[in-house]
Student: 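For reference, the structure I am asking about is given below.
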2 protein chains.
Amino acid sequence: MGERSERIAGASVTLLDVAKAAGVSLATASRALNGSTRRVRPDLHERVLAAAESLHYSANAQAQAMARGRTNIVGLVLSDVADPYFSSIAAGAIRAAEEEQLVVTMACTFGREERELEYVAALRGQRARAVIVVGSRVQDRGLLDRLAAEVREFEQAGGRVAFVSQRKIPADTVVVENRGGAKALAEALCGLGHRRFAVLAGRSDLLTARDRTTGFREGAARAGVRIDAADVVYGGFTRDGGYAAMIELLDRGTEATCVFAVNDVMAVGAMAALRDRGVELPSGMAVAGFDDIATLRDVTPALTTVRLPLEELGAGAMAMVVQEPAEQPRIRRVRGEVVLRESTPLLA
Amino acid sequence: MGERSERIAGASVTLLDVAKAAGVSLATASRALNGSTRRVRPDLHERVLAAAESLHYSANAQAQAMARGRTNIVGLVLSDVADPYFSSIAAGAIRAAEEEQLVVTMACTFGREERELEYVAALRGQRARAVIVVGSRVQDRGLLDRLAAEVREFEQAGGRVAFVSQRKIPADTVVVENRGGAKALAEALCGLGHRRFAVLAGRSDLLTARDRTTGFREGAARAGVRIDAADVVYGGFTRDGGYAAMIELLDRGTEATCVFAVNDVMAVGAMAALRDRGVELPSGMAVAGFDDIATLRDVTPALTTVRLPLEELGAGAMAMVVQEPAEQPRIRRVRGEVVLRESTPLLA
DNA sequence: GCCCTGCAGGAATGCGCATTCCCCCACCCG
DNA sequence: CGGGTGGGGGAATGCGCATTCCTGCAGGGC
């Protein structure tokens, strides 16, 4: 039980230790290390820094947070980091956070949407400075209300909240112009000569998926093309969902010359399905996606899609929560850009 | 300045508020909410819970951490979440953390390796319970020593540390059998009839890249095939690195019938380069990668690779830091599995 | 009927730090 | 040379909570 074992037990160096070593008071040590409004005489300042250095002092962030009444924590809630869409957004957010000296804690719902609630609550417990909820998929009215309540609670406690890609809850939001992007895409595809489309629409309860479907329909309509309900297939928002939906479409027998999957990952699944069914690409079927996932830029034929500045979405949300809150929820719109590639050749 | 504005100012409900509302002491409220060794009379217990509920009480995690002397934070340090390799590992770690009620904070070095140091130091400041460093690329001897020192410091303070994929610093580590996997891959490719290989070796200062190159050479040697130094091209460990290396190889003029890129992302870049140069795949050149990145499973021709259980790497590291520390650093070995696909057809 | 034991509630303490308040001292002005 | 002023050091306070210690009370054994 001597001093030695106490140190081994994990007792870390405190500010008081530093102060003693420097021969100053705790207050002075604190001021020297943090640079408060009060100034410290240069020689003492120096001594404190030297003492801290030699003792390997590391300020206890918890204690600082408590004394200051705020933290540098920002929570990031998303459905799955392994999904390239989300991981890109996360990367953007993290990059932006670093510039602001913020610490990012990440939580994934992995499809269980009620966890969004738990995480926001947990982050309130952490007294996180802000929370960013990416691509909330909450649809259930009750759940949505509870999430909205939790968000209010979080804000009541002085925290900032931003969403990426939702519009149900009144809060700062980075809105992706899914509808506009899909519309532009449809118009471009019509410009290539297509007159008959199929849509792999993903989950019908996802706002993002719905918006893209709607926008695509609008764009087609604008070019005088109607999309038959029979040519719209719902399913998972994933690669396998795209695969399955494409198979179903083929089984039904479609006359479409071009299929639009509401995201790139699904489009790739659809391409796999087409190949498995012996359809030649792109001659046998044109395929388009959405997002322009970087990792998928080398699939063949190269995928026509709508490019989204994913990292900017995350960075933009971070920027919003760093700013002072506005009276009105802020909306930051992000546009996509149609990128035509080989998967949708000019129709002969 | 009435009560109302005080609440707006962000003052949150404290345990004391709950205790008062329930008509009990702070100690009792604490015991009721946390279930300590001491028990609370059922009716009081009930009252406290009800009060906490109605006040929307959320315990201040910082204060709890300070009072308890420990946190539930685990830090995850990696180079880039947007990279599918790392994001998969992160997903595994996060999933495992959730089961243990741990909060994951993530930091990315984005290629600046010295940040690993800063982050480990910062996590010590957070009094994180553990830190997991994934794929440390630190090579510089000085930096490495400082990282090792920082790690010791962290452990001194009572924290747990684990690495994924390194072997320079004595600490719990999840080791990927890069060498063995690459060796097995080379043997399999030789089995397909190849006798002349090229290697896109990535960054020469990355242990992972080097091990894979070495292993591949060993495997080939075992089948009696020597790989010429001229057929090994170094470059970035990224898609663009793979592309550039492949171009360089083609410009040099290689006689290889099969090119091994030390990771899938590079392999995809190489495939793009080959296509751009008019080489037909897989007939004109066989291509193999490493990792079996999920997002890339649908490239054409389907990529032969070594499948790594990426999520398990993250989860395994998390499991290690949750366990009690051993006297000796633990090593957890993870094997890869050769997956032959169409990108490496049987040679005629 | 009394004392001892065990249980449970409450007051008090301390975690590590920022910050406020107090006070001393040096310097400047008159 | 005295009083005023300001800069800066140090003691004390409090952040929100877990936990220890103290105390009161009920129940059981003699």
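Convention: sequence-line order gives letters A, B, ...; per-chain numbering from 1. Just so you know, these numbers use all the heavy atoms, side chains as well, and skip hydrogens, waters and symmetry mates.
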Student: As a quick check of understanding, evaluate salt bridge (charged side-chain N to carboxylate O under 4.0 Å, His left out) for Asp172(B) and Arg160(B), giving each step before the final call.
Tutor: CA-CA 9 Å; Asp172(B) 285 3; Arg160(B) 304 273 294 108; 3.1 Å; yes

Student: Please determine if Glu114(A) and Arg146(A) form a salt bridge, counting it only when a charged side-chain N lies under 4.0 Å from a carboxylate O.
Tutor: no

Student: For the pair made of CE in Met66(B) and P in dC15(C), what is the distance, rounded to whole Å?
Tutor: 10 Å

Student: What is the distance from CG of Leu16(A) to P of dA18(C), rounded to the nearest Å?
Tutor: 13 Å

Student: Could you write nucleotides 19-24 of chain D as a row of B, S and -, 5' to 3', where a protein heavy atom under 4.0 Å of any base atom gives B, of only sugar-phosphate atoms gives S, and otherwise -?
Tutor: BBB---

Student: Looking at every heavy atom in both Leu49(B) and Ala32(B), which two are closest together, and how far apart are they?
Tutor: CD1-O, 4.0 Å

Student: Figure out the CD/P separation between Gln62(A) and dC17(D), and round it to whole Å.
Tutor: 14 Å

Student: Rounded off to whole Å, could you give me the CG-to-P distance for the Leu15(B) and dT13(C) pair?
Tutor: 19 Å

Student: Respond yes when some side-chain nitrogen or oxygen of Asn34(B) is under 4.0 Å from OP1 or OP2 of dA18(D), and no when none is.
Tutor: yes

Student: Counting side-chain heavy atoms from C-beta on, which of dG10(C), dC17(D), dC17(C) comes nearest to Gln64(A)?
Tutor: dC17(C)

Student: Tell me: CG of Leu55(A) to C1' of dG16(C), nearest whole Å?
Tutor: 15 Å

Student: Categorize Ala59(A) for me: base, sugar-phosphate, or nothing, with a 4.0 angstrom heavy-atom threshold over every strand shown.
Tutor: sugar-phosphate

Student: What I want to check is whether the side chains of Tyr119(B) and Glu150(B) have a donor and an acceptor closer together than 3.5 Å.
Tutor: no

Student: Whole angstroms only, please: what is the CG-C1' distance between Asp17(A) and dG16(C)?
Tutor: 10 Å

Student: Is the NZ or CZ atom of Arg95(A) positioned over Phe110(B)'s six-membered ring, under 6.0 angstrom from the centre and within 45° of the axis?
Tutor: yes

Student: How long is the span from the OG1 atom in Thr109(B) to the CZ atom in Arg112(B), to the nearest 0.5 Å?
Tutor: 9.5 Å

